[in-house]
Amino acid sequence: MADPLVLDFDDNRLLTALFGEYDRNLSRIEQKLGVSLTSRGNRVAISGSQGSRDTAGQVLNELYARLQKGLEVTDGEIDGAIRMAEAIVGGEMPASSGSADNSAIKTGKGKRRILPRSPNQARYIQALNEAELVFGLGPAGTGKTYLAVAVAVSHLLTQQVDRIILSRPAVEAGERLGFLPGDMKEKVDPYLRPLYDALYDMLPAAQVVKRIEAAEIEIAPLAFMRGRTLANSFVILDEAQNTTPVQMKMLLTRLGENSRMAVTGDPSQIDLPTGARSGLHDAVSVLKGVEGVSFVHFEHVDVVRHPLVTRVLKAYAAKEPELFDLGNGRNR
């Protein structure tokens, strides 16, 4: 076994948050990585195999850096830091990709920052910032829509775009809007609620309302996009697996000057009528290799919800792997 790795931390005031109440954060890292952590004063000794020891050291240094910037450390942040550190130590990605300096998304809620919790999330954030059209593909709970909204809000706040347009198909699972009570807004709002929820997590409620009233943020069903040119905008199409090829082509050709678009979808949860081809499947096969288009494929390990969700998805994928195929390749 390699000699213990010893880390020294300068600011004792941050150690309570770093270690957690009754050292629960250290215990979580020990359990996840199979290492032994011994704390004394402002020093932590890490014992274990060299790879696990180096990974734990990377995790603790990253969590400490987050605390120095006023960011919180939660169980989810710890698990995310572990995923990122494993990829860095394993040589899958550079150390800078997981740092709070380079990968944090600024929101409109004070010091709050959104950070990637897996290598694929880090790649996705980079693609959203660099490519004009990004497809985020994979299981529910991997942050596809949430991170796209976060990047869109960041671009709006820094005036890189003038408005955000959020859209998704309004009719799913065979339901028809005409049978729902209320006016058109009341009919479609339930379908768009996840987009509202993400916005309210990024911006103060009053600012969301104000920006919607000023048309800086628009949330609308996909059908409302027909005939428009979406310039100076950050456009997000959610639940894209439930579009038809005609609908997908319609939206993709709306993109105007100084705009970018994120298309998110789970190819295993298509609610279109049996036999109907998904516009998401069609777009992936048609646009593969096109300049300016980026594809990020999420896996079950990228799920950032309850750990049981990952196990549920793995079980379904094992039973019905064809549901997780997209185009000519697995949803990897």
Side-chain angles (χ1 to χ4, degrees), residues 62 76-77 79-88 90 92-107 112-156 158 160-161 164 166-168 194-195 198-199 201-202 234-241 252 255 259-269 280 283-284 287-288 290-305 309-310 313 324 326-327 329-332:
E62 178 58 30
E77 298 296 343
D79 293 346
I82 289 173
R83 291 192 198 97
M84 299 294 288
E86 287 176 331
I88 291 169
E92 297 177 36
M93 60 190 308
S96 59
S97 298
S99 73
D101 286 324
N102 296 322
S103 59
I105 305 171
K106 296 181 180 180
T107 70
R112 185 159 187 261
R113 301 289 185 271
I114 306 297
L115 291 156
R117 294 186 177 183
S118 74
N120 278 332
Q121 286 196 352
R123 297 183 187 104
Y124 187 50
I125 292 172
Q126 182 178 2
L128 289 168
N129 281 313
E130 296 177 356
E132 294 166 303
L133 174 59
V134 179
F135 285 81
L137 312 165
T142 51
K144 304 183 300 296
T145 303
Y146 189 82
L147 292 175
V149 173
V151 173
V153 168
S154 175
H155 280 230
L156 181 65
T158 55
Q160 296 179 63
V161 296
I164 298 172
L166 307 174
S167 186
R168 66 189 327 206
L195 300 176
L199 276 175
D201 213 25
M202 310 296 170
F234 199 117
V235 185
I236 299 174
L237 173 62
D238 189 31
E239 298 288 345
Q241 75 276 4
L252 295 179
L255 203 60
S259 290
R260 60 185 61 230
M261 182 181 295
V263 177
T264 70
D266 180 358
S268 71
Q269 294 190 13
L280 182 61
V284 170
L287 299 177
K288 190 176 298 182
V290 173
E291 183 181 355
V293 182
S294 178
F295 298 90
V296 179
H297 295 264
F298 290 92
E299 305 175 9
H300 304 128
V301 295
D302 297 306
V303 173
V304 293
R305 293 177 181 170
V309 175
T310 301
L313 288 169
F324 293 83
L326 187 57
R330 284 294 301 277
N331 177 28
R332 61 191 191 284

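Start at 1 with the first residue, then count along the sequence.
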Taking Gln241 for its side chain and Gln269 for its backbone only, find out whether a donor-acceptor pair lies under 3.5 Å.
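Confirmed, Gln241 side chain pairs with Gln269 backbone.
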Using a 3.5 Å distance criterion without hydrogens, assess whether the side chain of Thr158 forms a donor-acceptor pair with backbone atoms of Ser154.
yes
Between [X] and [Y], which heavy-atom pair has the shortest distance, and what is it?
| X | Y | answer |
| --- | --- | --- |
| Asp266 | Ala140 | OD2-N, 3.6 Å |
| Val134 | Ala127 | CG2-O, 3.4 Å |
| Ala150 | Ile105 | O-CG2, 3.4 Å |
| Lys144 | Gly138 | NZ-O, 3.2 Å |
| Tyr146 | Ala198 | CD1-CB, 4.4 Å |
| Phe298 | Gly136 | CE1-CA, 4.3 Å |

Do the non-hydrogen side-chain atoms of [X] and [Y] ever get within less than 4.5 Å of each other?
| X | Y | value |
| --- | --- | --- |
| Arg123 | Gln121 | no |
| Leu133 | Leu287 | yes |
| Asn129 | His155 | yes |
| Leu252 | Val263 | yes |

Derivation and outcome, side-chain contact (heavy atoms from CB on, under 4.5 Å), residues Tyr124 and Thr142:
CA-CA 11 Å; Tyr124 187 50; Thr142 51; over 6 Å; no
If you measure from [atom1] on [X] to [atom2] on [Y], what distance do you get to the nearest 0.5 Å?
| X | Y | atom1 | atom2 | result |
| --- | --- | --- | --- | --- |
| Arg83 | Glu92 | CZ | CD | 13.0 Å |
| Leu237 | Leu280 | CG | CG | 8.5 Å |
| Thr264 | Arg168 | OG1 | CZ | 8.0 Å |
| Lys106 | Ile114 | NZ | CD1 | 13.5 Å |
| Leu115 | Ile125 | CG | CD1 | 7.5 Å |
| Leu195 | Ile164 | CG | CD1 | 11.0 Å |

Would you tell me whether Asp302 and Ser118 have side-chain atoms, one donor and one acceptor, within less than 3.5 Å of each other?
yes
Once the angle between the rings of Phe135 and Phe295 is folded into 0 to 90°, is it parallel (under 30°), tilted (30 to 60°) or perpendicular (over 60°)?
parallel
